[in-house]
**Q** 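Supplied in structure tokens, the structure appears directly below.
Scope of the values below: all heavy atoms of this structure, side chains included, with no hydrogens, waters or symmetry mates.
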Amino acid sequence: MIDSRIFGHLWSTPESHAIFDEPVRVDRWLDVIIALAQAQAELDLIPAEAALEIAALRDRKLPIDRIAEATRRTGHSTLGMIEVLQDLLSPSAAPYVYYGATVQDITDTSQALELAATGSLLWRDLRAIEDRLLDLAATHRLTPMAGRTHGQLGSPIPLGFKIASWADQVGRDLSRFHDGRDRWLTGQFAGAVGTLGFFGAKGLPLRTAFCRNVGLAEPAISWLSARDRFVEFANVSAMAVNTLARIANEVYGLQRREISELGERPAARTVGSITMPHKRNPENSEQIVTLAQLARAQSALLADAMIHEHERDGRAWKLEWSVFPTLAHSVLATSSLTRDLLDGLEVDTQAMARNLALVPASEHLLRLMTARLGKHVAQQTLQQAYRRIRDERLSLADALEGVATPAELAAIADIDLGSGPEMVDRVIASSRQRREAEPEHWR
């Protein structure tokens, strides 16, 4: 579905393809190989002229078909690319391409760069989503609607309270991304078993220069079999899109025709149903929930890569080659669709007022009667009254006749939003404060 010309826009984005499409990934591998050659030239491990010639490969369009054929022929993950690169270099430079490196030095570092690119886009989208939610929460700070518990009508809440709860959770997702960034953006240069034995005393200085050249942090120790960085990023990403799915799931439910409190604005030519023309299907919110389900599954599968044997184990590590890009497509598609959903979110205050009228003011009434009768007596009294309403088809006033005072009965029509508006204010203030301490760009 990711590569489908018909449906791909629902499962990926142009930006996710700009990270993971094969020509881009091959160019990224080349960038890592060039960064390695430049670091090796700095330390006089290879001739400077060879490093310059290797760097000039960046201006060449690499023949992916030839790389693919050589990879199948050699049965090795990167030897096919090495052979093609050597063919493009002079005899004096060819021996120094990919000098002393292993597959994981190239692919792990490339994947860390892919993580950085994915995280940067997700960070941008989450900040934009949080901004939109905070604006909506402020706008609807006092807009009353029915709160619901266990799928049933409950007490009144402000719409802004519901939205501020979403924004508060997005803020925690952003904090998790901020906290993990320095752990995740780490280069890999390890050699055969992680000790950099091929390079002798220059191993660690070379790793320092290499990580500097690719713009990633240098690890304290090689992490060939320690895959927790990618797994943590996957888990945090999956948590973030589950937050977005929580939002979409609520919009999905509240735009049901019999509720109609929220809605997603369709494009001008969107068709809801070819057999029921009255319908406006919740396309975006449906897809967001579906993508989040995929991200959860992909993050769980990626966790299997943490169980390695010895210093290198392709059974676990190569799992990432399939799962990590798929996860990234899923989370970026989710965040993109959520931005569209919220930018077109429709609020029907009339429907909210209509549904709120169905809510008996039991919590507000309980508070008033508690002051006179005590909490437990008041609760039992109201339980009996509401049972009579259901069983005997009485009105609330009739069921409470002789039980509630005239002042208490008069308060039935009150809409008590409790401390909801003040909590909206607190979320907005704390979010603004946190944003001032965070960078605008993730990387």
**Q** Locate the shortest heavy-atom distance separating P219 from T186; write the atom from each residue and the value.
**A** CB-CG2, 3.6 Å
**Q** Any salt bridge between D416 and R367, counting N to O under 4.0 Å?
**A** yes
**Q** Nearest 0.5 Å, please: how far is CG in L133 from OG in S431?
**A** 9.5 Å
**Q** Shortest non-hydrogen contact from G187 to L216?
**A** N-CB, 3.5 Å
**Q** So, using side-chain hydrogen bond (donor to acceptor under 3.5 Å, both in side chains) as the criterion, who are the partners of S12 when residues are at least two apart?
**A** H17
**Q** Please give me the minimum heavy-atom distance between A37 and A51, naming the atom from each residue.
**A** O-CB, 3.7 Å
**Q** In Å, rounded to the nearest 0.5 Å, how long is the span from CG of L88 to CD of E53?
**A** 10.0 Å
**Q** Side chains of M352 and H140, heavy atoms from C-beta outward: is any pair under 4.5 Å?
**A** no
**Q** Give a yes or no on whether a salt bridge exists between R354 and E261, defined as a side-chain N under 4.0 angstrom from a carboxylate O.
**A** no
**Q** Mind checking whether F177 and W184 have parallel, tilted or perpendicular rings, split at 30° and 60°?
**A** perpendicular
**Q** With distance as the sole criterion, is a donor-acceptor pair present between the side chains of E264 and Q255 under 3.5 Å?
**A** yes
**Q** Give a yes or no answer on whether the side chain of S322 reaches the backbone of K318 with a donor-acceptor pair at less than 3.5 Å.
**A** no
**Q** Can you tell me how far apart CG (L337) and OG (S285) are? Round to the nearest 0.5 Å.
**A** 10.0 Å
**Q** Testing the basics here: between A209 and A39, what is the closest heavy-atom pair and its distance to 0.1 Å?
**A** CB-CB, 3.7 Å
**Q** Considering non-hydrogen atoms only, spot the tightest contact between L10 and Q287 and give its length.
**A** O-NE2, 2.7 Å
**Q** Atom OH of residue position Y252 - does it have more than 12 heavy atoms of other residues, nucleotides or ligands inside 6.0 Å?
**A** no
**Q** Does this structure show an ion pair linking D179 with R176, if we count only N-O contacts that are shorter than 4.0 Å?
**A** no
**Q** Work out which heavy atom in Y96 is nearest to a heavy atom in A50; give both atom names and the distance.
**A** CD1-CB, 3.8 Å
**Q** Begin with the C-alpha distance, continue with both residues' side-chain angles, and end with the deciding distance and a verdict on side-chain contact (heavy atoms from CB on, under 4.5 Å) for Q379 and T370.
**A** CA-CA 8 Å; Q379 192 272 339; T370 292; over 6 Å; no
**Q** Can you find a pair of side-chain heavy atoms, one from L196 and one from L206, that are under 4.5 Å apart?
**A** no
**Q** Test side-chain contact (heavy atoms from CB on, under 4.5 Å) on L85 and I33; report intermediate values, then the result.
**A** CA-CA 10 Å; L85 294 179; I33 290 169; 3.9 Å; yes
**Q** Could you walk me through whether Q188 and L224 satisfy the side-chain contact (heavy atoms from CB on, under 4.5 Å) test, starting with their C-alpha distance in whole Å, then the side-chain angles of each, then the deciding distance to 0.1 Å, before giving a yes or no?
**A** CA-CA 8 Å; Q188 175 83 284; L224 293 172; 3.8 Å; yes
**Q** Considering only NZ, NE, NH1 and NH2 on the basic side and carboxylate oxygens on the acidic side, decide whether E130 and R434 come within less than 4.0 Å.
**A** yes
**Q** Would you please indicate if the ring centroids of F230 and W223 are separated by under 6.0 Å?
**A** yes
**Q** Which residue pairs pass the salt bridge (Lys or Arg N to Asp or Glu O under 4.0 Å) test with at least one member in residues 417-428, sequence neighbours excluded?
**A** R141-D425
**Q** Look only at the side chain of R339 and the backbone of I129, and say whether a donor-acceptor pair between them is shorter than 3.5 Å.
**A** no
**Q** As a quick check of understanding, evaluate side-chain contact (heavy atoms from CB on, under 4.5 Å) for L332 and I19, giving each step before the final call.
**A** CA-CA 11 Å; L332 292 178; I19 299 172; 4.3 Å; yes
**Q** Any pair with a residue in residues 184-210 that passes salt bridge (Lys or Arg N to Asp or Glu O under 4.0 Å), sequence neighbours left out, goes on the list, sorted by first then second residue, please.
**A** R207-E218
**Q** Could you label the plane-to-plane angle of the Y99 and F198 rings as parallel, tilted or perpendicular, counting under 30° as parallel and over 60° as perpendicular?
**A** perpendicular
**Q** Using side chain to side chain donor-acceptor pair (under 3.5 Å), reason through R246 and S165 one step at a time and then give a plain yes or no.
**A** CA-CA 11 Å; R246 175 197 171 201; S165 175; 2.9 Å; yes
**Q** What's the spacing between I163 CD1 and R132 CZ if we round to 0.5 Å?
**A** 8.5 Å
**Q** Any chance you could measure H441, atom NE2, to E438, atom CD, to the nearest 0.5 Å?
**A** 13.0 Å
**Q** Looking at N355 and I259, would you say the former's side chain and the latter's main chain have a donor-acceptor pair under 3.5 Å?
**A** yes
**Q** Is there side-chain contact between E440 and R124, with at least one heavy-atom pair below 4.5 Å?
**A** no
**Q** Less than 4.5 Å apart, any side-chain heavy atom of D125 and any of T338?
**A** no
**Q** CG of L185 to OG of S120: how many Å apart, nearest 0.5 Å?
**A** 7.5 Å
**Q** Without swapping roles, check the side chain of S299 against the backbone of N235 for a donor-acceptor pair under 3.5 Å.
**A** no
**Q** Keeping the roles fixed (side chain from T118, backbone from L115), state whether a donor-acceptor pair exists under 3.5 Å.
**A** no
**Q** Among pairs that include at least one residue of residues 341-351, which meet side chain to side chain donor-acceptor pair (under 3.5 Å), considering only residues two or more places apart or in two chains?
**A** R280-E346
**Q** Among pairs that include at least one residue of residues 97-112, which meet salt bridge (Lys or Arg N to Asp or Glu O under 4.0 Å), considering only residues two or more places apart or in two chains?
**A** D108-R227
**Q** For R172 and D168, run salt bridge (Lys or Arg N to Asp or Glu O under 4.0 Å): C-alpha distance rounded to whole Å, both residues' side-chain angles, the deciding distance at 0.1 Å, then the answer.
**A** CA-CA 7 Å; R172 291 191 294 277; D168 196 42; 2.9 Å; yes
**Q** Using only atom types and a distance under 3.5 Å, with no angle test, would you say the side chain of S175 pairs donor to acceptor with the backbone of G171?
**A** yes
**Q** Between E83 and T74, does the side chain to side chain donor-acceptor pair (under 3.5 Å) criterion hold? Intermediate values first, please.
**A** CA-CA 10 Å; E83 289 184 354; T74 61; 5.8 Å; no
**Q** Could you check whether any side-chain heavy atom of R432 comes within less than 4.5 Å of a side-chain heavy atom of L134, counting everything from C-beta outward?
**A** yes
**Q** What verdict does the side chain to side chain donor-acceptor pair (under 3.5 Å) test give for T243 and Q169, after you've listed the backbone C-alpha separation in whole Å, the side-chain angles of each residue and the deciding distance to 0.1 Å?
**A** CA-CA 7 Å; T243 297; Q169 188 168 330; 2.9 Å; yes
**Q** Is there side-chain contact between E320 and P325, with heavy atoms separated by less than 4.5 Å?
**A** no
**Q** Tell me every residue that passes side chain to side chain contact (heavy atoms under 4.5 Å, CB included) with D31, counting only those two or more places apart in sequence or in another chain.
**A** R58
**Q** Are I67 and V26 side-chain neighbours, meaning at least one heavy-atom pair lies under 4.5 Å?
**A** yes
**Q** If we only count heavy atoms from C-beta on, is the F189 to T109 side-chain gap below 4.5 Å?
**A** no
**Q** Just by modelled atom types, is the A333 backbone N or O under 3.5 Å from a matching donor or acceptor in the S336 side chain?
**A** no
**Q** For the pair R28 (side chain) and L113 (backbone), establish whether a donor and an acceptor sit closer than 3.5 Å, ignoring hydrogens and angles.
**A** no
